[in-house]
Every structure is written in C-alpha cells, then in structure tokens.
S.K.: 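Encoded as structure tokens, here's the structure I'll be asking about.
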2 protein chains.
Amino acid sequence: MNTANALKKTALFSGMDDEKVALFASKSLVRHYEKGEELFAMGDQAASFFFIIDGWVKLYRITREGEESIINVFAPHETFAEAAVFGPMQRYPVNAQAVEDTTLLEIPRSLFVETIRADSDLAISILGAIAAKQHYLIQQIEQLTVREAPQRIGTFLLRLCPPGATRNIEVALPYDKSLIARRLNIQPETFSRAFKKLEPHGVHLQGRVAVIEEIGRLAAFCDVEDRDKPC
Amino acid sequence: MNTANALKKTALFSGMDDEKVALFASKSLVRHYEKGEELFAMGDQAASFFFIIDGWVKLYRITREGEESIINVFAPHETFAEAAVFGPMQRYPVNAQAVEDTTLLEIPRSLFVETIRADSDLAISILGAIAAKQHYLIQQIEQLTVREAPQRIGTFLLRLCPPGATRNIEVALPYDKSLIARRLNIQPETFSRAFKKLEPHGVHLQGRVAVIEEIGRLAAFCDVEDRDKPC
DNA sequence: ATTCCCGTTTGATCTGAATCAAATGCTTAC
DNA sequence: GTAAGCATTTGATTCAGATCAAACGGGAAT
C-alpha cells in the first residue's frame, strides 16, 4: 500500500522493518477532515498520534483573550502529536484543526507502545525522532525572536521550495495568508506589507503563488545559514 | 549518595529503580565549571547529557550578526541536552555555558542506551520525559509571542517562587539581569523599565532580590492560568 | 580607600509592527 | 448572475520596545 511507503519515510518509522510498517498502516485508521474541522481539543485524552497523508493541520492554543496562538502547521507526510501520546499526562497540550481538506492516519498509542515493548532498539530510534522535532521547535524560537517580519516570511518561503531548485521557482502558498501570518506571529496587514519588502530581493506575489527569482538571493537576505545544516 | 536522590526526582530517572539510579550516579562524571565557562559548542559530538547538581546553565546560539539568542537557562536539578544525545545527528544543536559557578553530572549516552536496551518499559518513560520538555518549549513559544515584556518578567518571577508561598515572597534573581532580559527576549534597558511596571502589581526590586507582595495579584496580571495546568 | 570595570539605570529618540478604519477582490451560495 | 461574506490590501495613526547616549553604582583588584 502507498501509505506504508510514505510512513516509512518519516523519522518515526524509518527504523522499522517493512513488515511492521505495513502492520501499522493496516491497524491504523484513515480519516478525512474538511477544511476547518477540529481534530482534537487541548486537554483531550491523547489516545493517538497522526500521520498526514494529505492536507495541512494547525496546532494552536487559545489565550485568555480569545486569540489564537499558532504553535505549528504540519505538512503532508509529517507526523504530529507523538509527544502528547507519550507524555506523562497523555493529553493533548494544544488544539488541532485541519486548515485544508485533509486525510490522515490515526495511529493508536497502544499499538505503538506494544511494538516498543517488543523491540527496544526501536525505542531508541523513536527517541531520536522526537528529539529531532524538539530541534525544530528550538529553531522556531530563534526564528520568532531574532528575525523581523520580511525575513520570517522569506524563510517560510524557502522551506516550501522543492529541494534542488535554484531559480524562477513558483511556490504555491499552502494555506490562507492570514494563517501564514499568524503562524509567523505577524498581523495579516503587516504580512501583506512585509511581503512587498521582498520584491527587491526577487520575490513576487501573484495571488496565491509566489515566484522566487533566485533562491540564493532570498536566502542571503533572510540570513539563513545552509538551508538544513546538520546542527 | 545524595546525587542519586536528586536524580531520581527528574522525569528522566523517575521510572528507574533505586539500584539503577545509583549505578548511573556512580558511572557518571561529576564536573565543576566556573561562571562563564563553556560546556560544549554547537556542532560538538553529543556524547553525554547533563544533570545540574548546582548552578545555572544557558543554552544559546550565535546569529550571523554575532548576537546571542538564548534558547533556555536551566536550573539546579534539571537535566538538559537529552534530545541531542538521542537525536539523529548526535550533535549538540546549541552552545552551552555556565552562567554561575556550576557543578554537574555528565551522563554518557552509552550508559543510557544500554539500559534502555535491557528495559524497554524504561524507554517509554524516557519518551515521556522528553515529551514533557517539548511541552515546555511550546509554552515558551507562546510566552515569547503572545505576552508583552512586563508580563513575561512576571511569569519568570512566578516560576522562581517556592511552591506553596503566597505573600511577601523574597525571590533572589538567579543570574544577571541582562541574561534574564535576553532569555525573555528583551533588551536590558527595556527590562529595567518593564520591571517597574510591575510595582503597581505588588512587585518591588531591591538589588538582586525581588519582593512579591502577593502571588495571586501578580499571577492575575500575568494572565497565568493555574501555575501548572495539567495540559 | 581608590580606581577600574562592568552591569544597570535613566533619558531621548527612532522605528517596526499593531491597531483602527476603509476599500477592494475573490468565493460561495442562492 | 448577483449578492453576501470573507480574505486581502491599502491608508493613517499609535505604541511598545529598540537603539543611541550618558550617568550611576557596586564589586574586585591594587
């Protein structure tokens, strides 16, 4: 099955043999959510974690003033909420909502726990996978604190570029601009204006598609070290 | 041994029986660092993670402009760098420096990996411990993005209060104000001014000691939900 | 005790982004 | 096709925090 192949490419499953991955794929539940549907709420019992077959999912919290704080937005073929499932509370610490029509695999905790019990090497590789995610969170903190708006947007765009591409890249924005804005901790108005400040650096916006003339130029402006440095 | 008792209180070791903990304590290395000494640099091979017996350690990165971005500052009896040790790179993704005179336990990766191999239930509890840390990072993102300076400082102070205390609490600042400032992503000047904005809420600063008249009042201002909510 | 150094405070000014307000454009539903 | 309802853009104003500059203060070394 195709899903199994995709699964195997994630950090979480990469240490597993094909047979086991297939087992996971078959024992997990495929579910479809429409844009705007809630997957789970903060405080819910964390019985499963998720693999996105297709679509985009945001994790967010609601502040006391009723504003959304975006924690992360996950892309197709990413897993999320693993930490909640293994955490001491076994509750989701955030809310999750599909921001586009989304198909995902719901993987029950129990299945995973059993597999780990039987194979402790696997546990170490999972430990590694979760650790890697933590690394990403650290980057996000740096991103949010040090950079300013246009550079944050630039970095976001760079991440959307297919690897290897160098010039005249058309990047379709994966979800609403207003969501991208809040994900980057910017107001929609500021986002709109900040995007224009990227034009001198070879980035043009046509509706929902951004065209990047030259990736190196944008990267230089955004001050991104190598796009994914080993540390 | 005393260190073993302290160790057992950390999330990472809480799932281990006394005998094993004692083994860890004995096989690990106790090291002392003076204020300002570097523990490791970004990119170094991550052969060990750490438990702080006494002192304070900052994790930070250097931006291209040469500025420090503070990722976290760890307190006595906390562990850090577990994720790096189990991550796919096995390299530290940040720099670490003692910000006060510090004594710590250096726990080798190998020791841990072997123990997990032999006891996969332990693996699950470690998974949980790392997951909990991730949760903390998420809070930090929220903290840095949503709140403004005086509230960030207030939240920081609240964390330093001994549990159970309610009024007229004297809190000694654990390290330099300028470091606290950057840790909270505030300039030192702004920190100084923002601190004064807490006076109307019952917080007074006397040198390196803050006096909190009433914890509830400060908590209300900072908009902290219950100080450690289960989710 | 005096000096030096560095962390901290205070003051004045600047600026990026938020906010308030309104116009425009795109989708969706009828 | 048209109207309604959002999302996005544009404009004007405000504000929190950064930056620049200078004074202050306390600890360490002499």
Side-chain angles (χ1 to χ4, degrees), chain A residues 34-36 56 58 63 65-70 73 97 99-101 143-154 156 172-200 203-210 221-223, chain B residues 34-36 56 58 63 65-70 73 97 99-101 143-154 156 172-200 203-210 221-223:
Chain A
E34 309 217 333
K35 180 172 178 170
W56 295 80
K58 78 174 173 197
T63 65
E65 297 83 42
E67 287 157 34
E68 272 185 15
S69 160
I70 304 295
V73 180
Q97 187 191 57
V99 294
E100 297 293 329
D101 287 0
Q143 172 90 352
L144 286 172
T145 57
V146 178
R147 309 280 164 73
E148 36 199 56
Q151 293 170 319
R152 297 212 287 266
I153 297 173
F156 178 83
L173 302 183
Y175 39 86
D176 291 353
K177 285 175 190 167
S178 57
L179 178 58
I180 299 176
R182 282 176 315 165
R183 154 74 224 272
L184 299 174
N185 202 33
I186 299 169
Q187 294 310 112
E189 297 95 326
T190 304
F191 178 85
S192 176
R193 289 187 255 256
F195 217 128
K196 287 187 186 133
K197 294 192 184 152
L198 292 177
E199 290 203 356
V203 181
H204 301 271
L205 185 54
Q206 290 156 6
R208 234 182 140 156
V209 176
F221 169 69
C222 295
D223 199 23
Chain B
E34 308 219 333
K35 179 171 178 170
W56 295 81
K58 77 173 176 198
T63 65
E65 296 85 39
E67 286 158 35
E68 272 186 16
S69 161
I70 304 295
V73 180
Q97 186 191 57
V99 294
E100 297 292 327
D101 287 359
Q143 173 90 350
L144 287 172
T145 55
V146 177
R147 309 278 165 73
E148 39 200 54
Q151 293 170 318
R152 296 211 290 266
I153 296 172
F156 178 83
L173 302 183
Y175 40 86
D176 291 355
K177 285 174 190 168
S178 55
L179 178 57
I180 300 176
R182 280 175 315 166
R183 154 74 227 270
L184 300 174
N185 202 35
I186 300 170
Q187 293 310 111
E189 297 95 323
T190 305
F191 177 84
S192 177
R193 289 187 256 257
F195 217 128
K196 290 191 184 125
K197 293 191 186 153
L198 293 177
E199 289 202 357
V203 180
H204 301 272
L205 185 54
Q206 290 156 5
R208 231 181 142 157
V209 176
F221 168 70
C222 295
D223 197 26

S.K.: Apply side-chain contact (heavy atoms from CB on, under 4.5 Å) to Glu34(B) and list each qualifying residue two or more places apart in sequence or on a separate chain.
M.R.: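 Result, side-chain contact (heavy atoms from CB on, under 4.5 Å) vs Glu34(B): Glu37(B), Asp101(B).
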S.K.: Return the set of residues passing salt bridge (charged side-chain N to carboxylate O under 4.0 Å, His left out) with Arg182(B) (not counting sequence neighbours), or none when no residue passes.
M.R.: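 Residues passing salt bridge (charged side-chain N to carboxylate O under 4.0 Å, His left out) with Arg182(B): Glu68(B).
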S.K.: Sub-3.5 Å donor-acceptor pair from the side chain of Arg193(A) to the main-chain atoms of Pro188(A), do we have one?
M.R.: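 Not at all, since once roles are kept as given, no pair shorter than 3.5 Å links the two residues.
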S.K.: Check the pair Gln151(B) / Leu198(B) against side-chain contact (heavy atoms from CB on, under 4.5 Å), numbers first and verdict last.
M.R.: CA-CA 8 Å; Gln151(B) 293 170 318; Leu198(B) 293 177; over 6 Å; no
S.K.: For Glu148(B) and dT14(D), what is the distance between atoms CD and P respectively, to the nearest whole Å?
M.R.: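 Interatomic distance, CD of Glu148(B) to P of dT14(D): 18 Å.
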S.K.: Give the rounded distance in Å between these two atoms: CD of Gln187(A) and P of dT14(D).
M.R.: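 Taking CD of Gln187(A) and P of dT14(D), I get 18 Å after rounding.
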S.K.: Please identify each residue that fulfils side-chain contact (heavy atoms from CB on, under 4.5 Å) with Ala194(A), with sequence neighbours left out.
M.R.: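 Result, side-chain contact (heavy atoms from CB on, under 4.5 Å) vs Ala194(A): Ala149(A), Pro150(A), Ile153(A).
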S.K.: Output the rounded distance in Å from CZ (Arg182(A)) to P (dA18(C)).
M.R.: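 Rounded to the whole Å, the gap is 13 Å.
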S.K.: Within this structure, what is the CD-to-C1' distance between Glu199(B) and dT9(C), rounded to whole angstrom?
M.R.: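 Going from CD in Glu199(B) over to C1' in dT9(C) covers 13 Å.
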S.K.: If you check every side-chain atom of Pro150(A), which of dG17(D), dA17(C), dA18(D) has the closest atom?
M.R.: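 Nearest nucleotide to the side chain: dA17(C).
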S.K.: Taking atom P of dG16(C) as reference, at what distance in whole Å does atom CD of Gln151(A) sit?
M.R.: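 So the CD-P distance, Gln151(A) to dG16(C), works out to 11 Å.
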S.K.: Report each atom pair, protein N/O against N/O of nucleotides 27-30 of chain C, whose distance is under 3.5 angstrom.
M.R.:
none

S.K.: In whole Å, what is the span from the CZ atom of Arg193(A) to the C1' atom of dT19(C)?
M.R.: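 The answer, rounded to whole Å, is 10 Å.
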S.K.: Could you run down the sub-3.5 Å N/O contacts of the protein with nucleotides 5-9 of chain D?
M.R.:
residue, atom, partner, partner atom, Å
dT8(D), OP1, Lys177(A), N, 2.9
dT8(D), OP2, Ser178(A), N, 2.9
dT8(D), OP2, Ser178(A), OG, 3.1
dT9(D), OP1, Lys177(A), NZ, 3.0
dT9(D), OP2, Ser192(A), OG, 3.3
dT9(D), O5', Ser192(A), OG, 3.3

S.K.: What is the distance from CZ of Arg152(A) to P of dG16(C), rounded to the nearest Å?
M.R.: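 Arg152(A) atom CZ is separated from dG16(C) atom P by 13 Å.
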S.K.: Write down the distance between CG (Leu184(B)) and C1' (dA16(D)), rounded to a whole number of angstrom.
M.R.: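 From Leu184(B) CG to dA16(D) C1': 16 Å.
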S.K.: Can you list the residues that meet the side-chain contact (heavy atoms from CB on, under 4.5 Å) rule with Arg208(A), with sequence neighbours excluded?
M.R.: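 Here the qualifying residues are Glu100(A), Leu173(A), Tyr175(A), Asp176(A).
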S.K.: Quick one: list whatever passes side chain to side chain donor-acceptor pair (under 3.5 Å) with Arg183(A), sequence neighbours left out.
M.R.: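 Arg183(A) satisfies side chain to side chain donor-acceptor pair (under 3.5 Å) with Tyr136(A) only.
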S.K.: Tell me, please, which residues at least two apart from Phe195(B) pass ring pair (Phe, Tyr, Trp, His ring centres under 6.0 Å).
M.R.: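 Phe195(B) satisfies ring pair (Phe, Tyr, Trp, His ring centres under 6.0 Å) with Phe191(B) only.
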S.K.: Working to the nearest 0.5 angstrom, can you tell me the gap between Arg152(A) CZ and Ile186(A) CD1?
M.R.: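 Nearest 0.5 Å value for the CZ-CD1 distance: 4.5 Å.
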